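Just the heavy atoms: all of them, side chains too, but no hydrogens, waters or symmetry mates, feed the values below. Because the structure is a prediction, the values reported are computed rather than measured.
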Amino acid sequence: MPDSLAAGFKNFWEAYPRKRSKGQAEKAWAVLKPNRHLLALIADALGRAKASDDWRRDGGTYIPYPATWLRAKGWEDSYEV
């Protein structure tokens, strides 16, 4: 993984509240190859998702694994706070 791609993933991983299956998340990130614009979209959506009722309910039980969120384009979802 190139340095800029690895740095973007590191930031994503640190911000993501559910730390599971890091290797799968790295693979999904490498396939995605996010540019600066997409990185900003992901960061913004992740902030909204973390504040959403769905992600906060039952101690975070409904937070998807990071690889699942990336493959599903979770940054395009709408979140109710």
Side-chain angles (χ1 to χ4, degrees):
M1 190 181 304
D3 288 344
S4 60
L5 200 57
F9 178 77
K10 181 178 183 265
N11 291 335
F12 168 76
W13 186 257
E14 287 174 0
Y16 204 85
R18 188 171 212 180
K19 309 280 193 264
R20 300 286 188 275
S21 301
K22 185 176 183 179
Q24 292 299 315
E26 286 175 320
K27 288 178 186 177
W29 189 266
V31 168
L32 194 58
K33 296 178 189 153
N35 58 24
R36 257 183 230 181
H37 175 71
L38 185 52
L39 287 171
L41 288 175
I42 289 171
D44 180 58
L46 190 53
R48 286 183 285 115
K50 286 167 45 173
S52 74
D53 294 335
D54 286 343
W55 281 31
R56 298 174 64 95
R57 187 178 334 132
D58 296 333
T61 300
Y62 301 102
I63 299 172
Y65 281 18
T68 302
W69 192 81
L70 290 170
R71 286 192 298 266
K73 295 184 178 182
W75 61 90
E76 294 180 353
D77 292 348
S78 61
Y79 297 98
E80 294 183 29
V81 179

State, with a plain yes or no, whether a side-chain heavy atom of I42 is found less than 4.5 Å away from one of W69. yes
In this structure, would L46 and L39 fall into the same cluster of hydrophobic residues linked by side-chain contacts under 4.5 Å? yes
Considering non-hydrogen atoms only, spot the tightest contact between P34 and L5 and give its length. CD-CD1, 3.7 Å
Mind checking what makes side chain to side chain donor-acceptor pair (under 3.5 Å) contact with K73, not counting sequence neighbours? none
Any pair counted as side-chain hydrogen bond (donor to acceptor under 3.5 Å, both in side chains), so long as it reaches residues 34-46, sequence neighbours left out: D44-R48
Look at the side-chain heavy atoms of Ile, Leu, Val, Met, Phe, Trp and Tyr, link any pair under 4.5 Å apart, and say whether L38 and Y79 land in one connected group. yes
Kindly work out whether a path of hydrophobic side-chain contacts (I/L/V/M/F/W/Y, heavy atoms less than 4.5 Å apart) joins W55 to L41. yes
Output every pair passing salt bridge (Lys or Arg N to Asp or Glu O under 4.0 Å) with a member in residues 51-65, not counting sequence neighbours, ordered by first then second residue. D54-R57
Should we say atom CD of E76 is surrounded by more than 12 heavy atoms from elsewhere, each under 6.0 Å from it? yes
Listed pairs under 3.5 Å, donor-acceptor, residues 12-25 side chains, sequence neighbours left out:
residue	atom	partner	partner atom	Å
E14	OE2	K10	NZ	3.1
Y16	OH	P64	O	2.7
R18	NH1	I63	O	2.5
K19	NZ	W13	O	2.7
K19	NZ	E14	O	3.3
K19	NZ	Y16	O	2.4

Can you list everything that forms a side chain to side chain donor-acceptor pair (under 3.5 Å) with W75? Sequence neighbours excluded, please. none
Any residue meeting side chain to side chain donor-acceptor pair (under 3.5 Å) with N11, in chain and number order, not counting sequence neighbours: none
